[in-house]
Amino acid sequence: MNDARSVCCPLIKVARALKAEILYQPHHVSALMVCNVTATDLMSDVLVVDKDNILLVTSLASDQAIRTAHIIGAVAVIIANGKNLPSSMLQVAEELDICVLRTQLPKFETCAILSRMLRIP
Amino acid sequence: MKNIPIDINESSLVVMDLIFKLKIRDVMTRGLISAKRCDSMHHIQQLMKDNSITGVPIVENKRLYGIISIDDIINALEHGYRDDPAEKHMTTNLVVLDEDMPLSFAINYFDKYGFGRYPVLNARQEVVGIITTRNVNISLLMALIKEIHELESRIEPHPTPDNTYMLKEYHVRQYGFDEAGKASNNLKKFLQEHQHPTRLMRRAAVAAYELEMNLVVHSTGGTLTIIVTQEKVEINVVDHGPGITDVEQAMREGFTTANEWIQSLGFGAGMGLPNARRVSDEFDIESSPDGTRVRSVIYLNPQDAPAT
(Lines give C-alpha, C1' and ligand atoms only; values in the text may rest on other atoms or scores of the structure.)
Protein backbone atom coordinates (compact mmCIF):
# COMPACT_ATOMS: atom_id res chain seq x y z
CA MET A 1 0.00 0.00 0.00
CA ASN A 2 1.96 2.93 -1.23
CA ASP A 3 -0.54 5.56 -1.97
CA ALA A 4 -2.98 6.03 0.86
CA ARG A 5 -2.83 9.79 0.58
CA SER A 6 -4.73 13.04 0.63
CA VAL A 7 -5.57 13.14 4.31
CA CYS A 8 -2.86 13.80 6.84
CA CYS A 9 -3.12 12.62 10.38
CA PRO A 10 -1.03 13.35 13.49
CA LEU A 11 1.39 10.53 14.19
CA ILE A 12 0.22 10.39 17.80
CA LYS A 13 -3.32 9.69 16.62
CA VAL A 14 -2.05 7.00 14.23
CA ALA A 15 -0.09 5.40 17.05
CA ARG A 16 -3.19 5.30 19.24
CA ALA A 17 -5.31 3.73 16.49
CA LEU A 18 -2.70 1.01 15.95
CA LYS A 19 -2.29 0.47 19.71
CA ALA A 20 1.39 1.10 19.06
CA GLU A 21 4.04 1.71 21.66
CA ILE A 22 6.52 4.47 20.96
CA LEU A 23 10.01 3.03 21.33
CA TYR A 24 11.90 6.12 20.35
CA GLN A 25 10.25 9.47 20.53
CA PRO A 26 11.85 12.59 19.04
CA HIS A 27 11.06 15.73 21.03
CA HIS A 28 8.92 17.11 18.21
CA VAL A 29 6.77 13.96 18.03
CA SER A 30 3.52 15.85 18.63
CA ALA A 31 4.19 17.92 15.50
CA LEU A 32 4.70 14.91 13.23
CA MET A 33 2.06 14.34 10.57
CA VAL A 34 1.53 11.20 8.51
CA CYS A 35 0.31 11.80 4.95
CA ASN A 36 1.61 8.75 3.10
CA VAL A 37 2.30 5.13 3.93
CA THR A 38 4.76 2.64 2.51
CA ALA A 39 4.47 -0.93 3.71
CA THR A 40 7.22 -3.33 2.76
CA ASP A 41 10.06 -5.40 4.15
CA LEU A 42 12.17 -4.68 1.12
CA MET A 43 14.18 -1.51 1.68
CA SER A 44 14.86 -1.24 -2.04
CA ASP A 45 11.13 -0.61 -2.45
CA VAL A 46 11.26 2.18 0.09
CA LEU A 47 14.07 3.90 -1.75
CA VAL A 48 11.99 4.43 -4.89
CA VAL A 49 9.23 6.26 -3.05
CA ASP A 50 9.23 9.99 -3.67
CA LYS A 51 6.66 11.36 -1.25
CA ASP A 52 6.65 13.43 1.90
CA ASN A 53 5.44 12.64 5.41
CA ILE A 54 5.71 8.91 4.95
CA LEU A 55 5.08 6.33 7.63
CA LEU A 56 7.13 3.21 6.93
CA VAL A 57 5.33 0.03 7.95
CA THR A 58 7.68 -2.94 8.04
CA SER A 59 8.51 -6.19 9.75
CA LEU A 60 12.19 -5.71 9.08
CA ALA A 61 13.51 -5.15 12.58
CA SER A 62 17.01 -3.99 11.66
CA ASP A 63 19.12 -0.84 11.68
CA GLN A 64 18.63 -0.61 7.94
CA ALA A 65 14.91 0.06 8.35
CA ILE A 66 15.76 3.20 10.34
CA ARG A 67 18.58 4.25 8.06
CA THR A 68 16.39 3.84 4.98
CA ALA A 69 13.58 5.81 6.61
CA HIS A 70 16.01 8.62 7.34
CA ILE A 71 17.26 8.62 3.75
CA ILE A 72 13.81 9.15 2.28
CA GLY A 73 12.81 11.57 5.03
CA ALA A 74 10.11 9.35 6.53
CA VAL A 75 8.20 10.63 9.55
CA ALA A 76 8.41 7.39 11.49
CA VAL A 77 8.93 3.64 11.28
CA ILE A 78 6.35 1.27 12.68
CA ILE A 79 7.36 -2.32 13.26
CA ALA A 80 4.44 -4.67 12.71
CA ASN A 81 3.78 -8.13 14.17
CA GLY A 82 5.21 -7.04 17.53
CA LYS A 83 8.71 -7.95 16.48
CA ASN A 84 11.60 -7.60 18.87
CA LEU A 85 14.10 -4.92 18.02
CA PRO A 86 17.86 -5.22 18.30
CA SER A 87 19.14 -2.59 20.73
CA SER A 88 21.30 -1.05 18.02
CA MET A 89 18.12 -0.14 16.15
CA LEU A 90 17.02 2.30 18.82
CA GLN A 91 20.51 3.74 19.03
CA VAL A 92 20.38 4.46 15.30
CA ALA A 93 16.88 5.92 15.72
CA GLU A 94 18.16 8.26 18.37
CA GLU A 95 21.19 9.23 16.32
CA LEU A 96 19.06 10.02 13.28
CA ASP A 97 16.11 11.28 15.34
CA ILE A 98 13.59 8.99 13.66
CA CYS A 99 10.46 8.04 15.61
CA VAL A 100 10.07 4.27 16.10
CA LEU A 101 6.79 2.58 16.98
CA ARG A 102 5.77 -1.03 17.41
CA THR A 103 2.37 -2.60 17.06
CA GLN A 104 1.29 -6.15 17.78
CA LEU A 105 -0.97 -6.00 14.72
CA PRO A 106 0.08 -7.83 11.56
CA LYS A 107 1.11 -5.72 8.61
CA PHE A 108 -2.14 -6.26 6.69
CA GLU A 109 -4.34 -5.08 9.55
CA THR A 110 -2.02 -2.18 10.24
CA CYS A 111 -2.38 -1.12 6.62
CA ALA A 112 -6.14 -1.57 6.68
CA ILE A 113 -6.48 0.76 9.66
CA LEU A 114 -4.09 3.30 8.14
CA SER A 115 -6.01 3.15 4.89
CA ARG A 116 -9.25 4.08 6.66
CA MET A 117 -7.57 6.86 8.60
CA LEU A 118 -5.81 8.52 5.71
CA ARG A 119 -8.21 8.09 2.80
CA ILE A 120 -10.52 10.92 1.78
CA PRO A 121 -13.90 10.25 3.41
CA MET B 1 79.08 8.92 19.81
CA LYS B 2 77.53 11.85 21.51
CA ASN B 3 75.90 11.30 24.89
CA ILE B 4 72.90 13.29 23.77
CA PRO B 5 72.55 13.34 20.00
CA ILE B 6 71.52 16.95 19.72
CA ASP B 7 73.53 19.64 18.02
CA ILE B 8 73.07 22.62 20.31
CA ASN B 9 74.01 25.05 17.57
CA GLU B 10 72.10 23.68 14.63
CA SER B 11 68.94 21.83 15.52
CA SER B 12 65.39 22.58 14.52
CA LEU B 13 64.00 25.80 15.91
CA VAL B 14 61.69 23.93 18.25
CA VAL B 15 64.55 21.92 19.76
CA MET B 16 66.79 24.98 20.01
CA ASP B 17 64.01 26.87 21.70
CA LEU B 18 63.51 24.04 24.20
CA ILE B 19 67.13 23.51 25.15
CA PHE B 20 67.59 27.22 25.81
CA LYS B 21 64.23 27.73 27.50
CA LEU B 22 64.53 24.75 29.87
CA LYS B 23 66.80 25.43 32.83
CA ILE B 24 68.93 22.80 34.53
CA ARG B 25 66.78 23.19 37.64
CA ASP B 26 63.74 22.02 35.59
CA VAL B 27 65.52 18.87 34.53
CA MET B 28 67.76 17.72 37.41
CA THR B 29 67.03 15.16 40.11
CA ARG B 30 66.43 16.95 43.40
CA GLY B 31 66.17 14.26 46.07
CA LEU B 32 69.92 13.83 46.06
CA ILE B 33 71.45 10.61 47.38
CA SER B 34 74.83 11.56 48.83
CA ALA B 35 77.47 10.29 51.21
CA LYS B 36 79.94 11.84 53.64
CA ARG B 37 83.72 11.97 53.32
CA CYS B 38 84.13 9.44 56.13
CA ASP B 39 81.66 6.88 54.64
CA SER B 40 83.33 3.69 53.42
CA MET B 41 83.53 2.69 49.77
CA HIS B 42 81.53 -0.37 50.76
CA HIS B 43 78.74 1.84 52.17
CA ILE B 44 78.65 3.82 48.93
CA GLN B 45 78.56 0.62 46.88
CA GLN B 46 75.48 -0.38 48.88
CA LEU B 47 73.90 3.04 48.29
CA MET B 48 74.37 2.62 44.55
CA LYS B 49 72.90 -0.87 44.62
CA ASP B 50 69.87 0.11 46.72
CA ASN B 51 69.06 3.15 44.59
CA SER B 52 70.09 1.83 41.17
CA ILE B 53 72.49 4.74 40.60
CA THR B 54 76.03 4.89 39.28
CA GLY B 55 77.42 7.93 41.03
CA VAL B 56 77.24 9.39 44.54
CA PRO B 57 78.31 12.94 45.37
CA ILE B 58 80.17 13.45 48.63
CA VAL B 59 78.35 16.28 50.40
CA GLU B 60 78.48 17.75 53.89
CA ASN B 61 76.38 20.72 54.97
CA LYS B 62 75.29 21.21 51.35
CA ARG B 63 78.91 21.64 50.30
CA LEU B 64 80.27 19.44 47.59
CA TYR B 65 83.63 17.73 48.25
CA GLY B 66 83.83 15.15 45.52
CA ILE B 67 82.08 12.36 43.70
CA ILE B 68 82.39 8.58 43.76
CA SER B 69 81.42 6.87 40.52
CA ILE B 70 80.84 3.21 39.78
CA ASP B 71 84.34 3.07 38.28
CA ASP B 72 85.80 4.05 41.66
CA ILE B 73 83.82 1.25 43.29
CA ILE B 74 85.08 -1.30 40.74
CA ASN B 75 88.62 -0.18 41.46
CA ALA B 76 88.00 -0.54 45.20
CA LEU B 77 86.73 -4.08 44.70
CA GLU B 78 89.64 -4.94 42.44
CA HIS B 79 92.31 -3.59 44.74
CA GLY B 80 90.63 -4.56 47.97
CA TYR B 81 90.11 -1.20 49.65
CA ARG B 82 86.37 -1.47 50.18
CA ASP B 83 86.66 -0.21 53.75
CA ASP B 84 88.59 2.94 52.91
CA PRO B 85 86.77 6.24 53.42
CA ALA B 86 85.35 7.90 50.33
CA GLU B 87 87.56 10.89 50.90
CA LYS B 88 90.57 8.85 49.88
CA HIS B 89 89.34 7.82 46.43
CA MET B 90 86.75 10.38 45.38
CA THR B 91 87.22 12.52 42.31
CA THR B 92 87.83 16.03 43.41
CA ASN B 93 88.50 17.52 40.03
CA LEU B 94 84.83 18.31 39.66
CA VAL B 95 82.83 19.77 36.84
CA VAL B 96 79.60 21.24 38.13
CA LEU B 97 76.65 23.01 36.63
CA ASP B 98 74.68 25.97 37.89
CA GLU B 99 70.92 25.45 38.32
CA ASP B 100 70.15 28.65 36.41
CA MET B 101 72.00 27.56 33.29
CA PRO B 102 70.00 26.57 30.23
CA LEU B 103 69.81 22.89 29.38
CA SER B 104 72.06 23.47 26.37
CA PHE B 105 74.99 23.85 28.83
CA ALA B 106 74.38 20.41 30.27
CA ILE B 107 74.19 18.85 26.81
CA ASN B 108 77.41 20.59 25.92
CA TYR B 109 79.10 19.37 29.14
CA PHE B 110 78.08 15.76 28.57
CA ASP B 111 79.83 15.85 25.22
CA LYS B 112 82.79 17.93 26.33
CA TYR B 113 83.81 16.16 29.54
CA GLY B 114 82.37 12.70 29.07
CA PHE B 115 81.13 12.33 32.66
CA GLY B 116 77.88 10.49 33.27
CA ARG B 117 76.55 13.00 35.78
CA TYR B 118 77.11 16.52 37.00
CA PRO B 119 76.31 17.88 40.44
CA VAL B 120 74.19 21.03 40.28
CA LEU B 121 74.87 24.02 42.53
CA ASN B 122 72.80 27.09 43.31
CA ALA B 123 74.03 30.66 43.49
CA ARG B 124 75.28 30.08 47.08
CA GLN B 125 77.39 27.16 45.85
CA GLU B 126 75.17 24.68 47.69
CA VAL B 127 74.46 21.29 46.12
CA VAL B 128 70.82 21.24 45.05
CA GLY B 129 70.69 18.27 42.68
CA ILE B 130 72.36 16.12 40.09
CA ILE B 131 71.84 15.84 36.36
CA THR B 132 72.36 12.71 34.22
CA THR B 133 71.82 12.02 30.52
CA ARG B 134 68.67 10.19 31.53
CA ASN B 135 67.27 13.38 33.10
CA VAL B 136 68.03 15.28 29.92
CA ASN B 137 66.53 12.68 27.62
CA ILE B 138 63.32 12.28 29.61
CA SER B 139 62.76 16.00 30.08
CA LEU B 140 63.48 16.72 26.43
CA LEU B 141 61.15 13.95 25.32
CA MET B 142 58.37 15.25 27.59
CA ALA B 143 58.91 18.82 26.43
CA LEU B 144 58.93 17.73 22.78
CA ILE B 145 55.70 15.76 23.19
CA LYS B 146 54.06 18.82 24.72
CA GLU B 147 55.42 21.02 21.98
CA ILE B 148 54.24 18.66 19.23
CA HIS B 149 50.74 18.58 20.73
CA GLU B 150 50.78 22.35 20.75
CA LEU B 151 51.96 22.52 17.13
CA GLU B 152 49.45 19.89 15.98
CA SER B 153 46.61 21.80 17.57
CA ARG B 154 47.61 24.78 15.45
CA ILE B 155 47.51 22.87 12.17
CA GLU B 156 44.72 24.18 9.98
CA PRO B 157 42.21 21.58 8.81
CA HIS B 158 42.90 20.14 5.37
CA PRO B 159 42.24 22.98 2.95
CA THR B 160 39.35 22.38 0.62
CA PRO B 161 38.45 24.38 -2.45
CA ASP B 162 36.50 27.51 -1.55
CA ASN B 163 33.21 26.28 -2.82
CA THR B 164 33.44 22.81 -1.25
CA TYR B 165 31.69 22.52 2.01
CA MET B 166 31.75 18.81 2.51
CA LEU B 167 34.39 16.34 1.40
CA LYS B 168 34.31 12.94 3.01
CA GLU B 169 35.74 9.58 2.16
CA TYR B 170 34.29 6.41 3.64
CA HIS B 171 35.74 2.94 3.49
CA VAL B 172 32.94 0.45 3.06
CA ARG B 173 33.41 -3.22 3.95
CA GLN B 174 31.82 -6.16 2.18
CA TYR B 175 28.83 -7.39 4.21
CA GLY B 176 29.46 -4.63 6.74
CA PHE B 177 25.77 -4.34 7.49
CA ASP B 178 26.39 -2.80 10.92
CA GLU B 179 27.85 0.31 9.38
CA ALA B 180 26.02 0.19 6.08
CA GLY B 181 24.22 3.41 5.33
CA LYS B 182 26.13 5.56 7.80
CA ALA B 183 27.88 7.56 5.10
CA SER B 184 24.58 8.29 3.35
CA ASN B 185 22.87 9.16 6.63
CA ASN B 186 25.70 11.61 7.29
CA LEU B 187 25.20 13.18 3.88
CA LYS B 188 21.48 13.49 4.53
CA LYS B 189 22.09 15.08 7.93
CA PHE B 190 24.53 17.51 6.38
CA LEU B 191 22.04 18.52 3.68
CA GLN B 192 19.31 18.86 6.31
CA GLU B 193 21.50 21.19 8.34
CA HIS B 194 21.97 23.33 5.25
CA GLN B 195 18.22 23.32 4.64
CA HIS B 196 18.14 22.11 1.08
CA PRO B 197 14.77 21.33 -0.52
CA THR B 198 13.30 18.03 0.70
CA ARG B 199 13.15 16.38 -2.72
CA LEU B 200 16.72 17.22 -3.60
CA MET B 201 17.94 15.91 -0.26
CA ARG B 202 16.02 12.72 -0.83
CA ARG B 203 17.45 12.21 -4.32
CA ALA B 204 21.04 12.77 -3.17
CA ALA B 205 20.63 10.57 -0.11
CA VAL B 206 18.97 7.79 -2.11
CA ALA B 207 21.77 7.82 -4.71
CA ALA B 208 24.40 7.64 -1.98
CA TYR B 209 22.53 4.95 -0.07
CA GLU B 210 21.93 2.73 -3.10
CA LEU B 211 25.58 2.96 -4.06
CA GLU B 212 26.74 2.41 -0.49
CA MET B 213 24.54 -0.68 -0.15
CA ASN B 214 25.84 -1.92 -3.48
CA LEU B 215 29.36 -1.81 -2.09
CA VAL B 216 28.26 -3.73 1.00
CA VAL B 217 26.24 -6.33 -0.88
CA HIS B 218 28.08 -6.86 -4.14
CA SER B 219 31.69 -5.70 -3.90
CA THR B 220 34.63 -6.98 -1.95
CA GLY B 221 34.81 -3.54 -0.32
CA GLY B 222 35.53 -0.09 -1.62
CA THR B 223 35.49 3.61 -1.11
CA LEU B 224 32.63 6.06 -1.15
CA THR B 225 33.56 9.70 -1.58
CA ILE B 226 31.01 12.43 -1.09
CA ILE B 227 31.67 15.96 -2.24
CA VAL B 228 29.14 18.70 -1.64
CA THR B 229 29.63 22.12 -3.16
CA GLN B 230 27.29 25.08 -3.48
CA GLU B 231 26.17 23.66 -6.83
CA LYS B 232 26.05 19.91 -6.50
CA VAL B 233 26.40 16.69 -4.60
CA GLU B 234 28.88 14.33 -6.23
CA ILE B 235 29.12 10.72 -5.13
CA ASN B 236 32.04 8.63 -6.31
CA VAL B 237 32.22 4.94 -5.63
CA VAL B 238 35.25 2.80 -6.36
CA ASP B 239 35.44 -0.86 -5.43
CA HIS B 240 38.03 -3.57 -5.81
CA GLY B 241 35.91 -6.06 -7.65
CA PRO B 242 34.61 -8.51 -8.63
CA GLY B 243 33.11 -6.26 -11.30
CA ILE B 244 29.77 -6.42 -13.04
CA THR B 245 29.67 -8.97 -15.85
CA ASP B 246 26.96 -7.22 -17.82
CA VAL B 247 26.54 -3.58 -16.87
CA GLU B 248 23.54 -3.14 -19.15
CA GLN B 249 21.76 -6.04 -17.50
CA ALA B 250 22.65 -4.73 -14.03
CA MET B 251 21.05 -1.39 -14.93
CA ARG B 252 17.74 -3.15 -15.61
CA GLU B 253 15.23 -3.13 -12.77
CA GLY B 254 14.71 -6.44 -11.03
CA PHE B 255 17.95 -8.03 -12.16
CA THR B 256 19.88 -9.20 -9.12
CA THR B 257 22.73 -11.45 -8.19
CA ALA B 258 22.11 -11.09 -4.43
CA ASN B 259 21.52 -14.22 -2.41
CA GLU B 260 18.56 -14.96 -0.14
CA TRP B 261 20.42 -13.99 2.99
CA ILE B 262 20.98 -10.47 1.67
CA GLN B 263 17.39 -10.28 0.47
CA SER B 264 16.22 -11.23 3.98
CA LEU B 265 17.98 -8.08 5.16
CA GLY B 266 15.79 -6.02 2.86
CA PHE B 267 18.22 -5.55 0.01
CA GLY B 268 19.27 -7.04 -3.26
CA ALA B 269 16.01 -6.62 -5.14
CA GLY B 270 17.86 -5.54 -8.23
CA MET B 271 16.73 -1.95 -7.98
CA GLY B 272 19.89 -0.33 -6.66
CA LEU B 273 21.71 0.81 -9.79
CA PRO B 274 18.60 1.73 -11.79
CA ASN B 275 17.28 3.68 -8.82
CA ALA B 276 20.60 5.47 -8.28
CA ARG B 277 20.56 6.45 -11.95
CA ARG B 278 16.90 7.54 -11.75
CA VAL B 279 17.60 10.05 -8.97
CA SER B 280 20.87 11.34 -10.47
CA ASP B 281 21.31 14.26 -12.85
CA GLU B 282 24.51 12.69 -14.13
CA PHE B 283 25.36 9.02 -13.82
CA ASP B 284 28.38 7.13 -15.12
CA ILE B 285 29.36 3.56 -14.53
CA GLU B 286 32.27 1.50 -15.75
CA SER B 287 33.20 -1.96 -14.63
CA SER B 288 35.88 -4.58 -15.12
CA PRO B 289 36.89 -7.63 -13.07
CA ASP B 290 39.31 -5.32 -11.20
CA GLY B 291 36.50 -3.18 -9.94
CA THR B 292 33.63 -0.86 -10.62
CA ARG B 293 33.51 2.92 -10.63
CA VAL B 294 30.29 4.82 -10.34
CA ARG B 295 29.83 8.57 -10.35
CA SER B 296 26.55 10.20 -9.51
CA VAL B 297 25.85 13.93 -9.53
CA ILE B 298 22.81 15.71 -8.19
CA TYR B 299 22.57 19.44 -8.80
CA LEU B 300 21.38 21.47 -5.87
CA ASN B 301 19.96 24.22 -8.05
CA PRO B 302 17.51 22.61 -10.48
CA GLN B 303 18.38 25.16 -13.19
CA ASP B 304 21.94 23.77 -13.28
CA ALA B 305 20.79 20.25 -14.07
CA PRO B 306 21.36 19.18 -17.66
CA ALA B 307 18.20 18.85 -19.71
CA THR B 308 17.07 15.23 -19.90
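Computed from a prediction, not measured in an experiment: that's the story for all the values here. Every chain is numbered from 1, with letters handed out A, B, ... down the list of sequences.
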query = So, does A:R67 use its side chain to make a donor-acceptor pair with the main chain of B:S184 at under 3.5 Å?
reply = no
inquiry  = Tell me whether A:F108 at atom CZ has more than 12 heavy atoms from other residues, nucleotides or ligands lying less than 6.0 Å away.
reply    = no
query = B:Q192 and A:H70: which non-hydrogen atoms are nearest, and at how many Å?
reply = OE1-NE2, 3.5 Å
request  = Using non-hydrogen atoms and a 4.5 Å limit, figure out which bit of A:D50 sits close to chain B: side chain, backbone, both or neither.
outcome  = both
ask   = Yes or no on side chain to side chain contact (heavy atoms under 4.5 Å, CB included) for B:K189 and A:E95, after CA distance, side-chain angles and deciding distance?
value = CA-CA 10 Å; B:K189 274 201 268 185; A:E95 183 200 321; 3.8 Å; yes
message = Counting only non-hydrogen atoms closer than 4.5 Å, does B:R278 touch chain A with its backbone (N, CA, C, O), its side chain (CB onward), both, or neither?
response = side chain
ask   = For chain B, which of A:T40, A:I72, A:D63, A:D97 has the most heavy-atom pairs under 4.5 Å?
value = A:I72
inquiry  = Just so I understand: if I count every heavy-atom pair under 4.5 Å between each of B:R203, B:M213, B:M201, B:E210 and chain A, which residue has the most?
reply    = B:E210
ask   = Looking only at heavy atoms, what is the nearest atom pair of B:K188 and A:I71, with distance?
value = NZ-O, 3.1 Å
key: Residue B:L13 excluded, over 12 heavy atoms near CG under 6.0 Å   = no
task = Starting at CG of B:N275, measure out to OG of A:S44 and round the result to the nearest 0.5 Å.
result = 8.5 Å
query = Checking side-chain contact (heavy atoms from CB on, under 4.5 Å) against B:N185, which of A:L96, A:I98, A:I66, A:T68 comes through?
reply = A:L96
message = For a quick test of reading the model, state the closest non-hydrogen atom pair linking B:Y209 to A:Q64 and the distance between them.
response = OH-OE1, 2.8 Å
inquiry  = Can you give me the closest heavy-atom contact between B:T198 and A:D52, atom names plus distance?
reply    = CG2-OD1, 3.6 Å
